[in-house]
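In what follows, a structure is listed as structure tokens, so that the remarks can point back to it.
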Amino acid sequence: MPITVPRMGYIHIPIKAMLEHVGLEVIVPPLCSRRTLSLGTQHSPESACLPLKINLGNYLEAREIGADTILMAGGLGPCRFGYYAQVQREILYDLGIDMKMVVLEPPDTSFSDLMYDVRTLANGKSWPTIIKAVQLAWYKARAIDLAEIKLQQIRPREKSQGGADRIFDKAVVEIEQVDNRNDIYAAAHRAMADMGELPQKTEFQPVKIAVVGEIYTILEPFVNLDMERHLGRMGAEVSRSVYLSEWINDHIFRGIIPIKSNKRLRKLAKPYLNHFVGGHGWETVGGTVDYAQQGFDGVIQLAPLTCMPEIVAQTILPRVSKDHGIPVMSIYVDEQTGKAGLVTRLEAFVDLIYRQKYAQTGVM
Amino acid sequence: MVKVGIPRGLFYYYFFPLWCDFFHNLGAEVVLSQPTNKKILNRGVSLAVDEACLPVKLFYGHVVDLADKVDYLFLPRLVSTAQKEYICPKFMGLPDMIKAADIKLPHLIEVDFDLSKTEKAAQKAAVTMGSYLTNSRIKIRKAWHLARFSQQQYELLLEKGQSPMQALELWTGERDYCHEEQQETERPVLGLLGHGYNIYDRHISMDIIQRLHKQGARVVTAENIPDAIIENEAAKLPKRMFWTLGKRQIGAALHLMKRPDIKGIIHVASFGCGPDSLVGELVERYIRRAGTMPFLFLTIDEHTGEAGLVTRLEAFWDMIVRRDTLCQ
């Protein structure tokens, strides 16, 4: 039973490593493309949020190359994500596509349900093997994030554009292929060193822009139309509120690994937003405060159109922006979003920030 | 007398009797915003972000309408009204959203209703709500107890087939007795699904229920169906539905689909409604699969024109009447 998982940035790399380690065959859907989007959009509810549509496109494309089982996460609400798998299953059923859907639900009625799911997937492999597989996944997720953080710093500074991206892309391929801790981190560190040696603009001070918002749109470059790369080339150093490894640590490992955690963002969101609102709405508001306090020059909120938690955050952000004196721009993406429109808005935003910054320092 | 304002939007349609009687029992005068009109809607639309859904935008308008007329504005945070269930993320953020808007607000009665873990949280919430008006725990407890009784009465009226608009008029004082609705059993019955704050608001639903009545239909909504039936039907889903209103929609749909007296089902959703984008999809798929029931899905927003809505309702109704005569 070849298993597939939806794409979200580089998440398929750790998941694939984990599943293959316990002896499963994994078929990763092709890179998200116009075709993925069009296949997904065609069969999805019109006003559903974008990730649901792209997931569906991923399944259909993975099916074409031999996958017959889908591994998907569930949830307990109130964000729509918790019901994705249910709707996607009905859509596939009506399309006459016979794919088994394995949904990993967070412990709902009993924790043993979840354990049972994992054990079923793992073909009853021993616990040490399962633990080893999870560790492997973690190393890969972390290594990619470390390299990507370096990439975000180098992009605006490199003299000839694209060099750092090439090194990073090569490192990702390498991390995907090797399967022990030392090789994984060695690949990441080599890439970081190589990027550091690229010729850089010496006098140039990039503006610092943070991307906050909904996790899928932040992590999947196809749906955000490679926003970070564009920002980097416009001379902005980008940081984002969610990195995959931090998310895994917060939500799956319950924060036991001592790296940056997003939990503290909830405290920072007060007094603007005083309650959990599902998804990442709370973290979006807290993240904006956090980045303002860190001295960032601007914040971009990114979310799929009609995303409920992000609409709550968007409503509140103007006040945060005013109180903390940081420009905030909200961007929603859906299947209609075009590259030219998005890039124009990014340019205008970066331009505004440059002017503001230089006006303050008196250069302009 | 202290004036407590309750906006005529969102959860008003579900909980007004409870809240109204609670504050009333504590000696406050309850002031409602006006029934929705164009001015209220336009104000709301101008204050809310574009991406918000129609009922949320409208709520802003009702808040503004009350803001300078009352001492306190009741603005609860409705997280959950039943165990392991939620309403919509926007309800959870609503007080913060309103506070972030450019509105000069009176004192707020703020309280979190989160019954997702335990039902007892309601009592605690009542104490918080009541403490804005009195220090006496005993008075609060008594007022809450009586108010819950009123709420039960309200829900009973709905189960008997009263429309919420009529039943609510009893509590708003716009009507002083509840007359039994004429039950003309020979009229065809339509199921009307949709969130109460959309379908019972005469302005934004363009009086859809009255319109259907005039066309010659009787209308059954989810609120007219006993909870036990809805629970039972919704339990057939492969995964528990975690939205309270979504569960109600889908439970009602599954129930209505099977009823021989129901001739068709209409689902009204506001544009951009998150839960409905998935719940509506499931309802439509289940109904299509059964293949026995005509189904109409209507999306409304602040730009919806009356003519378009009327045309679609008329066409749907004509189809049902024709289908009905052909079958006989």
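So you know, we letter chains A, B, ... as the sequences are listed, proteins then strands, and number each from 1.
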Flag, side chain of Y86(B) to backbone of L76(A), donor-acceptor distance under 3.5 Å: no
Counting only non-hydrogen atoms closer than 4.5 Å, does [X] touch chain A with its backbone (N, CA, C, O), its side chain (CB onward), both, or neither?
{"X": "V79(B)", "value": "side chain"}
{"X": "Y286(B)", "value": "side chain"}
{"X": "L278(B)", "value": "both"}
{"X": "R289(B)", "value": "side chain"}

Has [X] got more than 12 heavy atoms of other residues, nucleotides or ligands less than 6.0 Å from its [atom1]?
{"X": "E46(A)", "atom1": "CD", "answer": "no"}
{"X": "K236(B)", "atom1": "NZ", "answer": "yes"}
{"X": "F271(B)", "atom1": "CZ", "answer": "no"}

If you tally heavy-atom pairs under 4.5 Å between each of C273(B), P275(B), A269(B), S80(B) and chain A, the highest tally belongs to P275(B)
Review item, side-chain donor-acceptor pairs of residues 94-112 of chain B, under 3.5 Å, at least two apart:
residue: D96(B); atom: OD1; partner: N274(A); partner atom: ND2; Å: 3.0
residue: D96(B); atom: OD2; partner: N274(A); partner atom: N; Å: 3.1
residue: D96(B); atom: OD2; partner: R77(B); partner atom: NH1; Å: 2.9
residue: D96(B); atom: OD2; partner: R77(B); partner atom: NH2; Å: 3.2
residue: K99(B); atom: NZ; partner: E110(B); partner atom: OE1; Å: 2.9
residue: D112(B); atom: OD1; partner: R77(B); partner atom: NE; Å: 3.2

Contact leader toward chain B among T306(A), V277(A), L52(A), L305(A), where contacts are heavy-atom pairs under 4.5 Å: V277(A)
Counting heavy-atom pairs under 4.5 Å with chain B, the top scorer among S47(A), P271(A), G74(A) is S47(A)
In terms of heavy-atom proximity below 4.5 Å to chain B, should Y272(A) be classed as side chain, backbone, both, or neither? backbone
Segment of C307(A) engaging chain B (4.5 angstrom heavy-atom cut-off): neither
For chain B, which residues from residues 313-321 of chain A lie under 4.5 Å away (heavy-atom distances)? Q314(A), T315(A), I316(A), R319(A)
Specify the closest pair of heavy atoms between [X] and [Y], including all atoms of both residues, with the distance to one decimal.
{"X": "E281(B)", "Y": "P45(A)", "result": "OE1-CB, 3.2 Å"}
{"X": "G274(B)", "Y": "M308(A)", "result": "CA-SD, 3.5 Å"}
{"X": "C79(A)", "Y": "P89(B)", "result": "N-CG, 4.5 Å"}
{"X": "H275(A)", "Y": "M92(B)", "result": "CB-O, 4.1 Å"}
{"X": "K239(B)", "Y": "G75(A)", "result": "NZ-O, 2.7 Å"}

Taken in chain and number order and not counting sequence neighbours, the residues that satisfy salt bridge (Lys or Arg N to Asp or Glu O under 4.0 Å) with D301(B) are none
Are Q86(A) and L237(B) packed together at the side-chain level, in the sense that at least one heavy-atom pair is separated by less than 4.5 angstrom? no
Which word best sums up how the rings of Y83(A) and F242(B) line up, parallel for under 30°, tilted for 30 to 60°, or perpendicular for over 60°? perpendicular
Name, in order of residue number, those residues of residues 45-61 of chain B that have a heavy atom at a distance of less than 4.5 Å from a heavy atom in chain A; otherwise write 'none'. V49(B), E51(B), A52(B), Y60(B)
